[in-house]
Amino acid sequence: MTKEEVARNYLLHLEKGEMNKVVDLFSKDGIVVSPLYGVKPAKEFYTSLAADTNNSILKFDGLFFEKDANRISLLFDYHWVLKNGEEVAFKVVDIVEFNSENKINKLTILYDTVKSRAVLNSVHAK
């Protein structure tokens, strides 16, 4: 798979809640850096995300390549419905770093957490 195919499959599987397929896009020691969940191995991060998520709607907004680099960035809108039915929407930039086999080594998630942190905290408080 090309880097672009990996990135598009990532968004497709994430929106469908197919976390095993998302994790399969990562290298064996792939990690996720998240503003809400911290730094975690990919499998652990997506297990936690799935446990908190009822539904997700993603709207792709752009794919950006870095010349002579092994990373790309994805821009998308994320509409997140949590297990308790609360919803939050925000713009996301995912910076995806690949190994030589186009597996994701590191995914860094960037977004404003002001609203999402409060909503997630209310889910975990119950």
Side-chain angles (χ1 to χ4, degrees):
M1 258 191 286
T2 67
K3 291 177 188 71
E4 183 174 354
E5 289 170 333
V6 171
R8 290 186 183 275
N9 282 332
Y10 168 77
L11 290 177
L12 176 72
H13 298 316
L14 182 62
E15 182 173 38
K16 290 182 174 182
E18 299 170 334
M19 298 310 182
N20 288 336
K21 289 182 180 180
V22 171
V23 172
D24 287 344
L25 298 171
F26 281 77
S27 64
K28 189 175 187 177
D29 56 351
I31 62 167
V32 176
V33 179
S34 164
L36 284 182
Y37 295 91
V39 178
K40 292 187 174 197
K43 185 172 184 167
E44 186 179 331
F45 170 79
Y46 290 103
T47 298
S48 296
L49 182 62
D52 291 332
T53 303
N54 189 42
N55 187 33
S56 296
I57 300 168
L58 283 66
K59 182 180 174 239
F60 177 73
D61 198 19
L63 183 64
F64 305 92
F65 292 88
E66 291 184 50
K67 187 175 180 177
D68 301 323
N70 216 16
R71 69 183 181 181
I72 61 174
S73 298
L74 290 161
L75 178 64
F76 58 98
D77 295 311
Y78 189 79
H79 183 100
W80 189 18
V81 182
L82 287 94
K83 288 289 185 185
N84 68 353
E86 290 196 55
E87 301 179 27
V88 65
F90 43 89
K91 181 72 78 180
V92 180
V93 174
D94 280 356
I95 302 169
V96 185
E97 298 179 32
F98 295 93
N99 67 13
S100 60
E101 298 167 347
N102 286 344
K103 290 284 198 174
I104 302 170
N105 269 340
K106 181 179 179 184
L107 183 120
T108 303
I109 304 168
L110 304 171
Y111 62 94
D112 184 346
T113 63
V114 171
K115 293 178 183 174
S116 57
R117 185 173 305 279
V119 171
L120 184 63
N121 286 344
S122 74
V123 170
H124 287 178
K126 294 178 182 179

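Counting from 1, the numbers follow the sequence of the chain as shown. Quick note: numbers below take in every heavy atom, side chains included, and nothing from hydrogens, waters or symmetry partners.
Residue pairs satisfying the salt bridge (Lys or Arg N to Asp or Glu O under 4.0 Å) criterion with at least one member in residues 6-17, sequence neighbours excluded, are listed as follows: Glu4-Arg8.
In this structure, Ala89 and His79 approach most closely via the heavy-atom pair CB-ND1, 4.0 Å. Nearest heavy atoms, Ala7 versus Ile72: CB-CD1, 3.5 Å. Closest approach of Lys83 to Ala50, counting heavy atoms only: CE-O, 3.6 Å. Looking at every heavy atom in both residues, Ser27 comes nearest to Lys103 through N-CB, 3.7 Å. Nearest heavy atom pair, residue Val6 against residue Leu25, reads O-CD1, 3.8 Å. Ile109 and Ser34 get closest at one heavy-atom pair: CD1-CB, 4.2 Å.
The other residues sharing a hydrophobic cluster with Ile95 are Phe64, Leu75, Val93, Leu110, where clustering joins ILVMFWY side chains under 4.5 Å apart. Ile31 belongs to a hydrophobic cluster whose other members, connected by ILVMFWY side-chain contacts under 4.5 Å either directly or through intermediates, are Val33, Val39.
Annotation: ring pair (Phe, Tyr, Trp, His ring centres under 6.0 Å) contacts of Phe65 (sequence neighbours excluded): none. When the side chain to side chain contact (heavy atoms under 4.5 Å, CB included) test is applied to Asn20, no partner is found at least two apart in sequence or on another chain. Take Glu5 and apply the salt bridge (charged side-chain N to carboxylate O under 4.0 Å, His left out) test, not counting sequence neighbours, and it matches no residue. Applying the side chain to side chain donor-acceptor pair (under 3.5 Å) criterion to Asn54, with sequence neighbours excluded, gives no partner residue. The side chain to side chain donor-acceptor pair (under 3.5 Å) test applied to Lys59 returns no partner, not counting sequence neighbours. Taking Glu18 as the reference, His13 meet the side chain to side chain donor-acceptor pair (under 3.5 Å) condition, with sequence neighbours excluded. Partners of Ser73 according to the side chain to side chain donor-acceptor pair (under 3.5 Å) rule, which considers only residues two or more places apart in sequence or in another chain, do not exist here. Applying the salt bridge (charged side-chain N to carboxylate O under 4.0 Å, His left out) criterion to Glu66, with sequence neighbours excluded, gives Arg71. Listed by chain and residue number, Leu49, Ser56, Trp80 satisfy the side chain to side chain contact (heavy atoms under 4.5 Å, CB included) test with Thr53 (two or more places apart in sequence, or in another chain).
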Side chain to side chain contact (heavy atoms under 4.5 Å, CB included) between Leu12 and Leu58, worked out:
CA-CA 8 Å; Leu12 176 72; Leu58 283 66; over 6 Å; no
Between Val32 and Lys106, is the side chain to side chain contact (heavy atoms under 4.5 Å, CB included) condition met? List the steps.
CA-CA 6 Å; Val32 176; Lys106 181 179 179 184; over 6 Å; no
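The aromatic ring centroids of Phe60 and Phe76 lie 6.0 Å or more from each other.
Under the 4.5 Å side-chain heavy-atom criterion for grouping Ile, Leu, Val, Met, Phe, Trp and Tyr, Ile104 is connected to Met1 within one hydrophobic cluster. The cluster map of Ile, Leu, Val, Met, Phe, Trp and Tyr, joined by side-chain heavy atoms under 4.5 Å apart, puts Phe98 and Leu63 in the same cluster.
Environment of NZ in Lys3: crowded, with over 12 heavy atoms of neighbouring residues, nucleotides or ligands closer than 6.0 Å. Surrounding NZ of Lys21 are at most 12 heavy atoms belonging to other residues, nucleotides or ligands under 6.0 Å away.
Using a 4.5 Å cut-off on side-chain heavy atoms (C-beta onward), Val81 and Glu87 make contact. Looking at Leu74 and Tyr10, their side chains come closer than 4.5 Å, going by heavy atoms from C-beta outward.
Separation of atoms OH (Tyr46) and CE (Met19) is listed at 7.5 Å; rounding is to 0.5 Å.
Counting only N and O atoms by type, the side chains of Tyr78 and Asp94 include no donor and acceptor under 3.5 Å apart.
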